[in-house]
Amino acid sequence: MTRVTAYVAPAEAAPLEKALIERRGLGPHDILIDIAFAGICHSDIHTVRGDWGPQQYPLAPGHEIAGTVAAVGSAVTRHAVGDRVGVGCMVDSCGECRSCLRGEEQFCREGAVFTYGSTDRDGTVTQGGYSEQVVVTESFVVRIPDAIPLDRAAPLLCAGITTYSPLRRGDVGPGSRVAVVGMGGLGHMAVQIAHALGAEVTVLSQTLGKKDDGLRLGADHYRATSDRSTFAELRGSFDVILNTVSAPVDLRAYLGLLDVGGTMVCVGAPSEPLPLLVGSLIGGNKTLAGSNIGGIAQTQEMLDFCAEHGIAAEIEVIPASGINDAYERVLASDVRYRFVIDASTFA
Ligand code: NAP
Ligand code: ZN
């Protein structure tokens, strides 16, 4: 057991502050990672503000971790000291159930161990990446390709895989008409990935304030949802809508934008329920779906895909002392497009 410096929420909705947390000693299959950068995902904010239910505090959030291997356990074969590596939303699972065998460890029948706020196999509560170091079992550590700088790679570990996975499941490619709702951390990755997959991409944002960035990142069209004519004009024009909005949206309005047989995938996870009139689905054989991150093998596939296509997150690097201000800016949709904490500032 070693103690490392971290930034933790001491209680629900309280500002994050510096504290010491414990990391387990290195087991035979464990990897000790010197964290270089940790992304701030909106899920971190939902979690520590209690949006998704009570948590155990103090809690260090952070599931977009990029760094280098500092030490490896005696039986580790996948990574070596000095390797550039990443850790996303999960740090362990049973490895034997149907979901794990299918490479969907997030749906482990025994319950995946998530990177923070989750009960680990030894009974302790996991602590996330807003810290100097982390210990993770080797099969949940992925390789970050040399082409992607570590700071711009960190957000791929959640925002990247969460958008890549449903786009791949939806067979998005040349000829697909994809709308991305919300141009935040997830949204700006979805635009880049859908464009690289060959789709025609439309951003649906609250305003046109980020239009230039959206087009530069690969969108073909950029429309404001505050302008109600958008919904009339784009009626029936998408095969896939990827909803990344962290607040409730008007499902009926968005489902109306799908063409016959289209699918709206929700990845944004507001705490409030969204009313649904099933006629919005029946009229047009439409599908409303959800998607939860992606498995470990697909996370590696996504990182390799991003490296191959020159894709990475657009980031603003901040010191640990700026975390609470960054949270307020994320909540105000004032993020371009991911805050990434420089882990050298945790100490
Ligand atoms: P984010 O950076 O805050 O982006 C969300 C975007 O949604 C904002 O930038 C904004 O875009 C839009 N938005 C925010 N409030 C809105 C409102 N009231 N009405 C309409 N649009 C609004 O957040 P993120 O990190 O991308 O995460 C987005 C959501 O996905 C969160 O709920 C998060 O918990 C969830 N998430 C889910 C998974 C999963 O596995 N399913 C994984 C990671 C995150 P515009 O300014 O362009 O309108
Ligand atoms: Zn996340």
Side-chain angles (χ1 to χ4, degrees), residues 38-49 51-53 61-65 86-90 104-107 112 114-117 128-130 154-167 169 179-192 202-214 217 219 222-227 230-231 241-251 253-254 265-272 274 289-295 298-299 302 313-316 326-340:
I40 293 180
C41 177
H42 204 121
S43 301
D44 301 348
I45 305 174
H46 285 304
T47 303
V48 301
R49 304 227 163 171
D51 291 353
W52 295 340
H63 58 205
E64 295 185 335
I65 300 170
V87 176
C89 301
M90 298 179 277
E104 294 181 333
E105 298 88 348
Q106 68 272 39
F107 304 124
F114 292 95
T115 306
Y116 58 81
Y130 293 8
L156 302 180
L157 277 304
C158 175
I161 183 61
T162 300
T163 51
Y164 181 83
S165 190
L167 291 170
R169 194 177 318 118
V180 175
V181 189
M183 172 84 176
L186 267 54
H188 94 290
M189 289 312 309
V191 169
Q192 297 182 74
T202 301
V203 175
L204 301 174
S205 179
Q206 293 167 96
T207 69
L208 296 180
K210 295 176 274 193
K211 181 175 179 182
D212 290 349
D213 289 338
L217 293 176
Y222 200 105
R223 302 292 298 263
T225 54
S226 52
D227 176 355
T230 295
F231 289 91
I241 298 175
L242 188 59
N243 170 27
T244 75
V245 176
S246 47
V249 299
D250 179 351
L251 281 181
Y254 286 98
V265 186
C266 293
V267 290
S271 50
E272 304 89 338
L274 278 65
S291 191
N292 188 14
I293 53 174
Q298 195 177 43
T299 302
M302 174 276 307
E314 301 262 309
I315 58 167
E316 191 173 322
Y327 273 25
E328 294 307 322
R329 284 184 53 196
V330 172
L331 289 168
S333 299
D334 177 25
V335 50
R336 298 191 181 209
Y337 286 88
R338 202 55 141 185
F339 289 108
V340 171

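Each ligand, and each atom within it, is numbered from 1 in the order the structure gives. No experiment lies behind these values; they were computed from the predicted model shown.
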Those atoms of ligand 1 less than 4.0 Å from some heavy atom in Asn292: 40 (O)
Side-chain donor or acceptor of Arg329 paired with backbone N/O of Asp334 under 3.5 Å: yes
Nearest non-hydrogen protein atom, atom 4 (O) of ligand 1: Gly184 CA, 3.4 Å
Minimum-distance protein heavy atom relative to atom 14 (C) of ligand 1: Ser333 OG, 3.4 Å
Any N/O pair Cys41/ligand 1 closer than 3.5 Å: no
Interfacing atoms of ligand 1 (cut-off 4.0 Å, heavy-atom, Gly185): 1 (P), 2 (O), 4 (O), 26 (O)
Non-hydrogen side-chain atoms of Val203 and Lys210 separated by less than 4.5 Å: no
Residue Ile293 vicinity, atoms of ligand 1 by number, heavy atom under 4.0 Å: 39 (C), 40 (O)
Sub-4.5 Å side-chain heavy-atom contact between His46 and Ser271: no
Numbering as shown, the atoms of ligand 1 that approach Ser205 to under 4.0 Å (heavy-atom distance): 45 (P), 46 (O), 47 (O), 48 (O)
Parallel, tilted or perpendicular: rings of Phe231 and Tyr254 (30°, 60°): perpendicular
Point-to-point distance, once rounded to the nearest 0.5 Å, from CG of Leu186 to CD1 of Ile161: 11.0 Å
Taking every non-hydrogen atom, the tightest pair across Ala179 and Leu204: CB-CD1, 3.9 Å
Within-cut-off N or O pair, Val267 and ligand 1, under 3.5 Å: yes
Gly268 neighbourhood, listing ligand 1 atoms whose heavy-atom distance to it stays under 4.0 Å: 29 (C), 30 (O), 32 (O), 35 (C)
Of the protein N/O/S atoms, how many lie under 2.8 Å from the Zn ion (ligand 2): 3
Identity and separation of the nearest protein heavy atom to atom 39 (C) of ligand 1: Thr162 CG2, 3.4 Å
Sub-4.5 Å side-chain heavy-atom contact between His63 and Ser43: yes
Gln106 touching ligand 1 at heavy-atom level, < 4.0 angstrom: no
Cys158, Gly88, Pro248, Ala247: member with heavy atom nearest to atom 43 (C) of ligand 1: Cys158
Over all atoms of both residues, closest heavy-atom pair of Leu274 and Val249: CD2-O, 3.8 Å
Within-cut-off N or O pair, Gln206 and ligand 1, under 3.5 Å: yes
Ligand 1 atoms in contact with Val330 (distance to a heavy atom under 4.0 Å): 3 (O)
Atoms in ligand 1 with a heavy atom of Trp52 nearer than 4.0 Å: 34 (O)
Main-chain N/O of Tyr222 paired to Thr202 side chain as donor or acceptor, under 3.5 Å: no
Closest protein heavy atom (residue, atom, distance) for atom 26 (O) of ligand 1: Leu186 N, 2.8 Å
Close-contact set for ligand 1 against Lys210 heavy atoms, below 4.0 Å: 9 (O), 11 (O), 45 (P), 46 (O), 47 (O)
Any Ala159 heavy atom less than 4.0 Å to ligand 1: no
Check: Ser226 side chain, Gln206 main-chain N or O, donor-acceptor pair, under 3.5 Å: yes
Any donor-acceptor N or O pair under 3.5 Å, side chains Asp44, Tyr327: no
Heavy-atom donor-acceptor pair, Thr115 side chain to Met90 backbone, under 3.5 Å: yes
Pairwise side-chain contact, Gln106 with Cys89, heavy-atom cut-off 4.5 Å (strictly under): no
Flag, side chain of Glu64 to backbone of Ala159, donor-acceptor distance under 3.5 Å: yes
Nearest neighbour in protein (non-hydrogen) for atom 33 (C) of ligand 1: Ser43 OG, 3.4 Å
Which atom of Gly295 lies closest to which atom of Glu105, heavy atoms considered: CA-OE1, 3.3 Å
Non-hydrogen atoms of His42 and Val330 that approach each other most closely: ND1-CG1, 3.3 Å
Atom 7 (O) of ligand 1: the protein heavy-atom neighbour that sits closest, reported with distance to 0.1 Å: Val245 CA, 3.7 Å
Taking atom 32 (O) of ligand 1 as the reference point, the nearest protein heavy atom with its distance: His46 NE2, 2.8 Å
